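Being a predicted model, the structure only gives us computed values, none of them experimental. All chains are named by letter (A, B, ...) in the order of the sequence lines, taking the proteins before the strands, and each is independently numbered beginning at 1.
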Number of protein chains: 2
Amino acid sequence: MSTGPASDDTLPATPWERSPRRRPAARVPLTPERVVDAAYEVLDREGLDGLTMRRVAAELGTAVSALYAHVSSKDELLELMYQRMFAGLEIPDPDPDRWQEQIKEFARAGRARLLAHRDMARISMAHVPFTAGLLPQLERMLALFRNAGLPDRITAVVGDMLSTYLEGFTLEEEMWAARLAAQDGGDGTAAWERMRAEMEAYFASLPPDRFPHLTALSGVMADEDQDQRFEAGLEIIVRGLATYLDEDGARPAAPRGAADTADTADRGAGPGRTAGGTGHGRPAPPQD
Amino acid sequence: MSTGPASDDTLPATPWERSPRRRPAARVPLTPERVVDAAYEVLDREGLDGLTMRRVAAELGTAVSALYAHVSSKDELLELMYQRMFAGLEIPDPDPDRWQEQIKEFARAGRARLLAHRDMARISMAHVPFTAGLLPQLERMLALFRNAGLPDRITAVVGDMLSTYLEGFTLEEEMWAARLAAQDGGDGTAAWERMRAEMEAYFASLPPDRFPHLTALSGVMADEDQDQRFEAGLEIIVRGLATYLDEDGARPAAPRGAADTADTADRGAGPGRTAGGTGHGRPAPPQD
DNA sequence: ATATCGTGGAGAACGTTGTTCGCCGAATGA
DNA sequence: TCATTCGGCGAACAACGTTCTCCACGATAT
């Protein structure tokens with residue numbers, strides 16, 4: 001460079017002490033996996049808004065530009081993070097006796113994955129849910145629904161619906177947590193408790209003539225925790241699904257030991273046409 | 001070329017023709033509402049990623065810094081846009097005979113609002129759903145559910161669930177539309193048709209031994225359009241809700257003319273405790 | 001053992017973003 | 001008519017994603 005060197009702590013180490021130290025560090029040649037590792041580290045510490053390429057590079061002790069030899073763009077980095085989230089997610093073999101519980105277990109496992117890292121639901125929401133790597137999971141989920149006896153028309157729709165519920169619920173959960181953490185540092189349960197009390201008081205303070213139901217429910221609006229709310233929503237969906245079992249000649253409730261993964265051929269096309277899963281129609285035109 | 005004026009259309013108009021023209025323009029003194037108007041204009045033209053304070057200012061013909069006298073930050077601008085989306089959204093008086101249809105109509109109206117402007121679901125998802133301005137809508141929704149005969153425990157949960165489904169579904173819808181628009185300019189139905197064909201072919205091309213259900217459903221995975229898929233999911237939720245009607249001594253299905261908005265007192269606390277609507281429990285700790 | 005080559009990381013730079021600071025010009029009250 | 005106040009303007013700042021050029025290192029060939 002044409003000018004003088006910067007102040008001391010920005011100087012690179014002297015060669016005789018840098019060389020021996022660099023050996024162990026430089027021998028790990030910075031793979032995409034390591035970049036994703038560092039990105040997760042930064043994500044948990046700084047949140048999605050604080051997840052910058054510069055910070056990821058700093059986490060690895062490398063230059064920013066070095067990252068681009070392995071990930072090509074920040075979007076691809078987020079994509080890799082998204083895919084890793086589902087790595088090793090097992091969906092059990094269909095057991096028609098327990099299909100409701102199996103669906104719930106899948107949803108709980110998904111929520112746990114989303115909550116495992118900060119702002120994960122935001123990342124998840126920003127990606128189209130079915131990449132090639134996720135096809136096995138999709139297949140096993142379809143097996144769950146079809147073997148339960150759900151009509152194909154419903155099977156094709158419920159996968160998207162479940163993941164939408166999963167991601168949407170967890171996203172909202174994250175947002176409350178973030179808002180809470182922002183307004184005061186106490187990330188313990190005390191802050192939650194106080195906010196619940198505040199909300200309850202707020203609802204109760206509304207004019208009862210204009211908000212009869214809101215005020216009537218105020219005492220309990222802040223009562224259940226997130227786990228219970230998640231379960232309640234899940235239960236609504238599963239109950240809704242169950243109403244399709246005694247339709248179209250499908251098995252009535254949850255008969256024993258019938259269909260397993262191999263029953264695809266015999267129920268192939270159902271009553272008439274079956275219907276769309278990941279397929280999407282036309283985009284509804286913007287209306288003003 | 002540090003000096004020289006730019007080409008003609010970037011030049012401001014001459015004073016003698018600008019002054020009379022500026023009168024009507026400058027007499028509109030740049031309210032927050034006008035900023036939001038311009039922001040919507042930019043949003044529809046450039047998308048959320050292209051929604052820049054600089055572009056909004058350009059749309060208004062003002063300087064960027066002028067915006068900050070009225071909106072204070074981009075986040076607040078997005079908040080105002082979010083709130084305007086619900087302005088004038090009417091939720092009908094509860095009709096216990098038609099509660100299922102009323103819920104569906106609300107959801108359809110919500111989806112229409114979200115689709116009315118580009119990337120609106122992304123904005124909506126980023127905001128906590130219940131601001132003070134939205135309380136009347138929330139109240140009327142609670143009325144719908146309670147008058148239908150749903151237990152308070154369910155009423156408190158289903159509002160969030162419906163809006164989650166609404167926003168999540170539309171968000172995914174938007175993402176497909178955006179991806180489609182990006183990969184080729186043809187925003188007509190032809191592009192959608194081609195993509196559906198591609199997806200169908202892709203699913204069908206998978207190895208049937210590893211993906212029996214996916215291949216079995218391939219022919220119909222891309223069959224329904226978004227409207228039908230939305231309705232199908234809605235139907236699942238409503239059916240799930242209906243299963244709660246003959247519980248806890250609530251009315252069996254949809255009896256005539258009972259309860260209206262004034263019935264809050266008599267069914268106040270139901271069987272035991274009722275449960276949380278917007279309240280959220282503690283944040284589940286990150287697990288690694 | 002020496003010279004050559006190629007790869008991958010380093011550093012600086014570019015264009016763009018949200019936001020802030022100091023200034024000016026035009027309305028308004030005395 | 002003067003002083004004041006307020007809203008818009010231009011420039012600037014820090015930080016972002018991304019790209020460019022260059023250099024040092026290890027492996028290969030002679």
To the nearest Å, how far apart are [X] [atom1] and [N] [atom2]?
X: B/Leu67; N: C/dT17; atom1: CG; atom2: P; answer: 13 Å
X: B/Tyr68; N: C/dT19; atom1: OH; atom2: C1'; answer: 5 Å
X: A/Glu46; N: D/dC16; atom1: CD; atom2: P; answer: 10 Å
X: B/Leu30; N: D/dG8; atom1: CG; atom2: P; answer: 5 Å

Heavy-atom pair with the smallest gap, counting every atom of B/Met120 and B/Leu43: SD-CD2, 4.1 Å
Under-4.0 Å side-chain N/O to phosphate OP1/OP2 contact, B/Arg55 with C/dT17: yes
Phosphate-side-chain proximity, A/His70 and C/dG8, N/O vs OP1/OP2 below 4.0 Å: no
Sub-4.0 Å heavy-atom contacts from residues 73-85 of chain A onto DNA chain C, ordered by number: none
A/Thr62 side-chain proximity, nearest of D/dG17, C/dG18, C/dA10: C/dA10
Residue met sooner reading DNA chain D from 5', once A/Asp49 and A/Ser72 are mapped to nucleotides: A/Asp49
Flag the pair [X] and [Y] as a salt bridge only when some basic side-chain nitrogen lies within less than 4.0 angstrom of an acidic carboxylate oxygen.
X: A/Arg108; Y: A/Asp227; value: no
X: A/Arg111; Y: A/Glu173; value: yes
X: A/Glu59; Y: A/Arg55; value: no

Can you give me the N/O atom pairs linking the protein to nucleotides 10-13 of chain D at distances under 3.5 Å, or say none if there are none?
unit_1, atom_1, unit_2, atom_2, d
D/dG10, O6, B/Ser65, OG, 2.8
D/dA12, N6, B/Arg54, NH2, 3.4

Donor-acceptor contact present, side-chain A/Glu139 to main-chain B/Leu214, <3.5 Å: yes
Any donor-acceptor pair under 3.5 Å from B/Arg118 side chain to B/Leu48 backbone: no
A/Arg45, CZ: over 12 other non-hydrogen atoms inside 6.0 angstrom: yes
OG on A/Ser73 to CE on A/Met53, rounded to 0.5 Å: 7.0 Å
Aromatic ring pairing A/Tyr82/A/His127, orientation class (parallel under 30°, perpendicular over 60°, tilted between): parallel
